[in-house]
Structure formats: structure tokens, C-alpha cells
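The analysis underlying the following values was restricted to heavy atoms, covering all of them including side chains, and did not include hydrogens, waters or symmetry mates.
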Amino acid sequence: MILVLVETENGAASEISLETLAFARSLAAEGGGIAVRAVVVGAVEDRDALAAELGAYGAAEVHQAVGEGFASYAGAAWAAALQAIRESTRSVVVTAAGSPRGNEVLAHLAARLNVPMAANVVAFHGLAPFVVTRQVVGGAALEEMRLDQRPAVFSVAGHAWTASPVAGASPATWVETTPEVAESDLVARVVATGTKAVDHSGSLKSAKVVVGAGRGAGGADGFGAVAELAELLGGAVGVSRVVTSLGWRPHHEQVGQTGSRISPDLYVPCGISGAIQHWAGCASSKTILAINTDPEAPMMTKANYAVVGDMHEVLPAIIEELKSRGVTG
């Protein structure tokens with residue numbers, strides 16, 4: 001059995017959790033069709049809707065952990081619930097999205113079970129032995145890791161897998177359980193939430209297209225074409241660290257080691273040299289189209305496609321061509 005910890009947003013599964021379910025479904029098929037079971041922790045707004053959604057993405061069952069200990073988030077308590085459900089289902093694989101919460105819970109679980117954990121996995125290679133490829137060094141490099149102990153515990157990197165539903169799938173069977181939670185598992189927990197500031201980075205991290213710009217933009221007024229192209233492509237704007245340091249754009253748009261790590265289908269970095277700190281944030285992009293006046297810039301040499309030219313000339317030409325083909329955003 002494969003257990004997938006599912007995070008929810010506004011009553012529905014998060015996109016990266018659905019991607020993780022799709023990853024687990026592929027792994028289950030490799031293992032001869034073993035069952036995939038989802039785990040949700042805490043209150044659920046609409047059980048039937050969530051059961052239908054998770055069933056559509058490959059979950060045969062949904063195990064909901066309920067109880068006072070799950071009224072608010074606590075990483076150790078969630079791990080205790082996951083451990084109890086894993087033991088009752090005798091699952092040989094436990095996985096979650098490679099989100100801050102997913103990685104924290106799985107780290108707690110791996111420590112409890114005394115097994116290794118692989119974070120931010122992007123692929124697997126058979127089951128005997130079970131070898132995974134994962135992102136390391138902030139996504140700047142890939143590493144193969146062998147998971148011989150059971151259960152195999154790992155998180156799946158965001159956008160490493162496409163979230164695709166199963167045609168004609170039935171709603172998952174719902175199973176409610178009340179795992180025991182020790183007081184020690186509640187020492188570190190969320191005790192209050194507020195709205196002090198709005199974090200806009202989520203849209204950048206989840207964007208399928210990101211149009212980026214660096215020092216080559218020339219100034220705070222040099223991002224018009226960048227924003228227009230991002231809007232035409234239904235994407236988001238991303239910038240390098242120097243741009244935010246100079247105050248040209250807000251920090252929530254920064255891509256890199258000290259900003260957001262992105263994994264879009266298409267990344268268009270314009271006037272960005274591609275220093276290692278920035279590359280750490282965008283290396284997981286599926287396709288990179290770089291635009292720069294310097295053909296030897298690191299970003300140009302690492303990109304799938306490169307255009308040597310001034311972004312202020314190239315971007316308007318791309319926008320004009322897209323509009324001539326009926327692209328309106």
C-alpha cells in the first residue's frame with residue numbers, strides 16, 4: 001500500500017498534493033497495481049466532494065485523522081497520525097508533497113520509524129531496488145538515493161509530476177480514525193493565525209509560466225513588457241535578487257536561494273546572468289528560454305533555448321507575434 005498525505009486549501013486538495021497522488025499512482029502501477037490511500041488530518045468542510053476529488057486522482061481510500069490534537073497544525077502530531085494509519089494499513093510507502101508542511105511531517109515520521117527520508121523527489125527507478133532521483137543544493141543538482149528500508153518515506157517536488165485525473169474513477173471510500181496524540185507532540189503547534197501581511201509568493205511558486213527579469217531591465221520602469229508577456233501567457237513575473245535589492249520590484253517576486261523556488265513549464269529569464277543563487281530557484285523549470293545580450297552568461301549556457309539580444313527589443317517582438325496569432329491572455 002502507498003499512503004499519501006494530502007494538504008487541503010479551501011476544502012479542496014492542494015495542487016501539489018494532487019501531483020503527489022499522480023506520482024503515487026504511477027508508482028503503484030509499477031508495483032502491479034497496489035492500492036493508493038490518501039490521508040487528511042483535521043476537519044474537512046465537504047467530505048463527499050473531497051472523496052470524489054481524491055478518488056478521481058487515484059486514491060482508493062481516504063483516512064481522516066480526527067480529534068482534539070488536530071484542531072490546529074502540529075508537525076509531530078500529524079506525524080503521529082500518519083504513523084498510526086501507516087501501521088493499520090501496513091503501507092510500504094509513505095509520501096507527501098515537498099511543501100514546507102509535507103517535508104516537516106515526513107521528517108518527524110522518518111525519525112519515529114528510524115528510516116531515511118528523501119526530500120523533493122522528481123523521479124523513481126523501479127522498485128527492487130527502490131531508487132529515487134531528488135533535488136539537492138536548492139534544486140541546483142540532482143542526486144540518486146536508494147531507499148532499502150520500509151516504509152520508504154519521501155516527498156515529491158512541486159511540479160515534478162503532472163496532476164491528471166483518472167477517467168471514470170469512483171469516489172474514494174472514507175475512513176475516519178482517531179489516533180492517539182501525546183502531549184509532547186503538541187509542544188510546537190499553531191496557536192494563532194493572523195493577516196499581518198499578504199504573501200503573494202504562492203502564485204509565483206505555482207505558476208506554469210514565469211517571465212523573469214534582472215539588471216537588464218535597466219530600472220523600475222523597465223518591466224512593462226515583462227509584465228505584459230506574463231499576462232498574455234497566463235503566468236507570473238519573477239525577478240533576480242539584484243532587482244529587489246535595488247527596490248525596483250517587491251521581494252515576493254524574487255526567484256532564487258533567498259526567494260521562491262519555481263518549477264514552471266516555461267521560464268523566460270530576461271537580462272538575468274544566472275548566478276548560482278538564482279539558478280537554485282529556477283533549475284527545476286521544465287523549459288528555459290533565456291534572453292540576454294551576453295551569449296556567455298551562465299543562464300544562456302544552461303537554457304534550453306537562448307536569444308541573444310536586448311530584452312527591450314525582443315520582448316515587444318514576441319508580444320506582437322503572440323497578439324497577431326490571437327493570444328489575448
Side-chain angles (χ1 to χ4, degrees), residues 120 122 133-143 157-160 200-201 203-322 327:
N120 301 317
V122 298
T133 299
R134 70 187 195 101
Q135 298 171 351
V136 294
V137 197
L142 296 176
E143 171 187 83
H159 305 318
H200 300 274
S201 62
S203 59
L204 176 61
K205 293 176 183 177
S206 63
K208 297 299 184 182
V209 176
V210 174
V211 182
R215 192 188 296 272
D221 59 351
F223 293 83
V226 175
E228 185 177 359
L229 180 59
E231 184 176 358
L232 274 176
L233 298 176
V237 172
V239 300
S240 63
R241 183 188 61 79
V242 68
V243 168
T244 59
S245 296
L246 292 170
W248 294 352
R249 300 289 293 191
H251 182 269
H252 70 254
E253 293 182 351
Q254 183 179 322
V255 174
Q257 195 167 28
T258 57
S260 295
R261 288 178 169 80
I262 60 172
S263 304
D265 292 335
L266 173 64
Y267 180 43
V268 187
C270 309
I272 296 177
S273 64
I276 186 62
Q277 291 87 351
H278 187 80
W279 183 249
C282 69
S284 297
S285 303
K286 292 182 173 61
T287 301
I288 298 178
L289 166 61
I291 301 170
N292 204 300
T293 56
D294 179 7
E296 301 302 321
M299 185 62 75
M300 296 285 275
T301 61
K302 294 176 180 177
N304 302 95
Y305 305 97
V307 178
V308 180
D310 187 337
M311 60 178 283
H312 298 295
E313 297 176 359
V314 176
L315 288 184
I318 293 175
I319 291 169
E320 182 179 353
E321 179 64 23
L322 288 173
V327 178

With sequence neighbours excluded, give me every side-chain hydrogen bond (donor to acceptor under 3.5 Å, both in side chains) pair touching residues 290-317.
none
Scan residues 212-225 for pairs that pass side-chain hydrogen bond (donor to acceptor under 3.5 Å, both in side chains), counting only residues two or more places apart or in two chains.
none
Would you say that [X] contacts [Y] through its side chain, given a criterion of any heavy-atom pair below 4.5 Å between the two side chains?
X: Ile318; Y: Leu229; result: yes
X: Pro264; Y: Val209; result: no
X: Met300; Y: Val308; result: yes
X: Thr244; Y: Val239; result: yes
X: Ile262; Y: Leu204; result: yes
X: Met299; Y: Pro269; result: yes

Calculate, to the nearest 0.5 Å, the distance between atoms [atom1] and [atom2] belonging to [X] and [Y] respectively.
X: Leu246; Y: Ser240; atom1: CG; atom2: OG; answer: 8.5 Å
X: Lys286; Y: Lys208; atom1: NZ; atom2: NZ; answer: 6.0 Å
X: Phe223; Y: Glu253; atom1: CZ; atom2: CD; answer: 8.0 Å

Could you tell me which non-hydrogen atom of [X] sits nearest to which non-hydrogen atom of [Y], and how far apart they are?
X: Val211; Y: Cys270; value: CG1-SG, 4.4 Å
X: Ile319; Y: Ala225; value: CD1-O, 3.5 Å
X: Ala213; Y: Val226; value: CB-CG2, 3.9 Å
X: Ala236; Y: Ala207; value: CB-CB, 3.9 Å
X: His252; Y: Ser260; value: O-OG, 4.4 Å
X: Ser285; Y: Tyr267; value: OG-CB, 3.6 Å

Would you check if the side chain of His278 reaches a backbone N or O of Val255 as a donor-acceptor pair within less than 3.5 Å?
yes
Residues forming a side chain to side chain contact (heavy atoms under 4.5 Å, CB included) with Ala157, sequence neighbours excluded:
Asn120, Val122, Gln135, Ala160
Output, in order, the C-alpha distance, side-chain angles, deciding distance and verdict of side-chain contact (heavy atoms from CB on, under 4.5 Å) for Val210 and Leu266.
CA-CA 6 Å; Val210 174; Leu266 173 64; over 6 Å; no
Does a sphere of radius 6.0 Å around CZ in Arg249 hold more than 12 heavy atoms from other residues, nucleotides or ligands, not counting ones at 6.0 Å or beyond?
yes
